[in-house]
Engineer: 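This is the structure, below, for whatever I ask next.
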Amino acid sequence: MPLAEFRRRVGSEMGTSPWITVSQNVINSFADVTHDHQFIHVDPERASLETPFGGTIAHGFLTLSFLSHMITGAVPEIEGSERSVNYGFDRVRFLLPVPAGAEIRGHFELLDLDQKHDDEVTLSYRVSVEIHGQSRPALVADWIVRCYLA
C-alpha cells in the first residue's frame with residue numbers, strides 16, 4: 001500500500017488478522033522458552049480445580065507475542081518498505097484470560113504516522129485482541145512499529 005494511503009487512513013481501522021488457535025501445546029512451548037511453568041498455564045487438571053478459569057490459560061506475554069504474526073495478516077506493508085521493527089508499546093492491558101484451545105485475532109487501528117526522515121516511518125497502532133465468542137477483548141495495546149524505506 002502506498003505511504004500516502006497510510007497517511008489518509010490515520011484514525012481508522014487497518015485490518016483484522018485471521019483467527020489463531022492457542023493450543024495447550026503452544027502454551028507449553030511458550031512456558032518452556034520463558035521458564036514460566038506456573039500451573040495456571042501448564043497443568044490443566046490443577047488449573048480446573050484451583051482457579052476460576054476452568055482450565056489452563058495462555059500467558060499474557062504469549063498473547064502479546066502473537067501481535068507480530070497477527071499484523072502480517074491484517075495490515076499491508078508500506079510500498080518500498082525494506083524492514084519493520086518493533087519499537088515498543090505505550091500501553092498494554094490484559095483484560096481477559098485466553099483459555100487453552102481458544103481462538104484469537106487482532107484488530108489494528110492506525111493511530112498515528114510520523115515521518116521525520118525520508119527513509120523512516122513510525123506507525124502507532126491500537127491493537128485489540130479478540131477471543132472468539134467473547135464480547136470483551138483479551139488484550140488492548142498501543143504498539144509502535146518503525147518501518148525503514150528503500
Side-chain angles (χ1 to χ4, degrees), residues 1-38 40-42 51-53 55-150:
M1 177 182 293
L3 181 56
E5 179 61 20
F6 271 80
R7 286 187 208 292
R8 280 192 290 278
R9 296 189 59 187
V10 169
S12 66
E13 183 84 14
M14 290 297 289
T16 300
S17 73
W19 291 103
I20 297 169
T21 301
V22 184
S23 69
Q24 186 63 54
N25 284 340
V26 168
I27 294 169
N28 292 345
S29 295
F30 190 82
D32 289 341
V33 169
T34 60
H35 303 280
D36 181 355
H37 292 94
Q38 186 179 26
I40 65 173
H41 305 302
V42 298
T51 73
F53 310 124
T56 55
I57 59 171
H59 306 71
F61 286 126
L62 171 57
T63 305
L64 187 68
S65 296
F66 275 121
L67 297 185
S68 294
H69 174 69
M70 289 176 177
I71 198 169
T72 63
V75 178
E77 286 189 13
I78 296 174
E79 285 179 12
S81 172
E82 289 186 336
R83 68 190 174 286
S84 294
V85 296
N86 178 11
Y87 192 69
F89 292 89
D90 279 340
R91 180 186 164 119
V92 177
R93 296 293 183 265
F94 302 103
L95 303 175
L96 281 182
V98 176
E103 292 183 309
I104 60 174
R105 67 179 175 181
H107 300 272
F108 292 80
E109 176 190 353
L110 183 60
L111 297 178
D112 192 30
L113 184 152
D114 184 36
Q115 186 173 17
K116 290 187 171 76
H117 307 284
D118 289 342
D119 63 346
E120 182 182 294
V121 178
T122 302
L123 306 156
S124 297
Y125 294 98
R126 166 82 33 84
V127 186
S128 176
V129 175
E130 173 186 3
I131 304 171
H132 191 267
Q134 294 291 327
S135 59
R136 291 181 47 218
L139 172 149
V140 176
D142 290 349
W143 185 23
I144 306 165
V145 176
R146 181 148 298 156
C147 181
Y148 295 93
L149 308 173

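Numbers here simply count residues along the sequence, with the first being 1.
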Engineer: Less than 4.5 Å apart, side chain to side chain, heavy atoms only: is that true for T122 and D112?
Structural biologist: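 No, their side chains stay 4.5 Å or more apart.
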
Engineer: Listing request: all side-chain hydrogen bond (donor to acceptor under 3.5 Å, both in side chains) pairs with a residue in residues 18-38, at least two apart in sequence or in separate chains.
Structural biologist: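 Matches after skipping sequence neighbours: Q24-N28, Q24-T56, D32-H37.
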
Engineer: Sorted by first residue and then second, give each ring pair (Phe, Tyr, Trp, His ring centres under 6.0 Å) pair with at least one member in residues 96-131; sequence neighbours left out.
Structural biologist: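 Residue pairs passing ring pair (Phe, Tyr, Trp, His ring centres under 6.0 Å), neighbours aside: none found.
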
Engineer: In Å and rounded to the nearest 0.5 Å, what is the CG to CD distance from L96 to E130?
Structural biologist: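 Output value for this atom pair is 11.5 Å.
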
Engineer: Kindly give the heavy-atom pair with the smallest separation between P97 and I131, and that separation in Å.
Structural biologist: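 It is O-CD1, 3.4 Å.
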
Engineer: Tell me, do V140 and S128 make a side-chain contact under 4.5 Å, heavy atoms counted?
Structural biologist: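 Yes - at least one pair of side-chain heavy atoms lies under 4.5 Å apart.
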
Engineer: Ignoring hydrogens and geometry, is there a side-chain-to-backbone donor-acceptor pair from E5 to R8 under 3.5 Å?
Structural biologist: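 Flag not set: sc E5 to bb R8 has no pair under 3.5 Å.
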
Engineer: For the residue pair A58 and L62, what are the closest heavy atoms and their distance?
Structural biologist: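 Between these two residues, the closest heavy atoms are CB-CD2, 4.0 Å.
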
Engineer: Grab the two heavy atoms, one from R136 and one from L95, that are nearest each other, plus how far apart they are.
Structural biologist: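 Answer, listing the atom of R136 first, then L95: NH2-O, 3.3 Å.
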
Engineer: Do I57 and V98 have side chains that approach each other closer than 4.5 Å (heavy atoms only, starting at C-beta)?
Structural biologist: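 In short, these two side chains do not touch, never coming nearer than 4.5 Å.
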
Engineer: When you compare the side chain of M70 with that of V127, does any pair of heavy atoms fall below 4.5 Å?
Structural biologist: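 Of all side-chain heavy-atom pairs linking M70 with V127, none is under 4.5 Å.
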
Engineer: How far does NE2 of H132 sit from CD1 of I104, to the nearest 0.5 angstrom?
Structural biologist: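 These two atoms lie 13.0 Å from each other.
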
Engineer: Distance from E103 atom CD to I20 atom CD1, nearest 0.5 Å?
Structural biologist: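 Rounded to the nearest 0.5 Å, the CD-CD1 separation comes to 10.0 Å.
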
Engineer: State the CZ-CG distance between R7 and L110, to the nearest 0.5 angstrom.
Structural biologist: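 Between atom CZ of R7 and atom CG of L110 there are 11.0 Å.
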
Engineer: Please output the side-chain donor-acceptor pairs of residues 72-92 that fall under 3.5 Å, not counting sequence neighbours, one pair per line with the distance.
Structural biologist:
unit_1: T72; atom_1: OG1; unit_2: H69; atom_2: O; d: 2.7
unit_1: N86; atom_1: OD1; unit_2: G88; atom_2: N; d: 3.1
unit_1: N86; atom_1: OD1; unit_2: W143; atom_2: NE1; d: 2.9

Engineer: Would a 4.5 Å heavy-atom cut-off, applied to side chains only, mark S17 and F66 as touching?
Structural biologist: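 With C-beta onward as the side chain, the pair stays apart.
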
Engineer: Taking side chain as C-beta onward, heavy atoms only, is L149 less than 4.5 Å from D118?
Structural biologist: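 Side-chain contact under 4.5 Å: no.
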
Engineer: Write down the atom of H41, the atom of I27, and the distance for their closest heavy-atom approach.
Structural biologist: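 Reported closest heavy-atom pair: O-CG2, 3.2 Å.
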
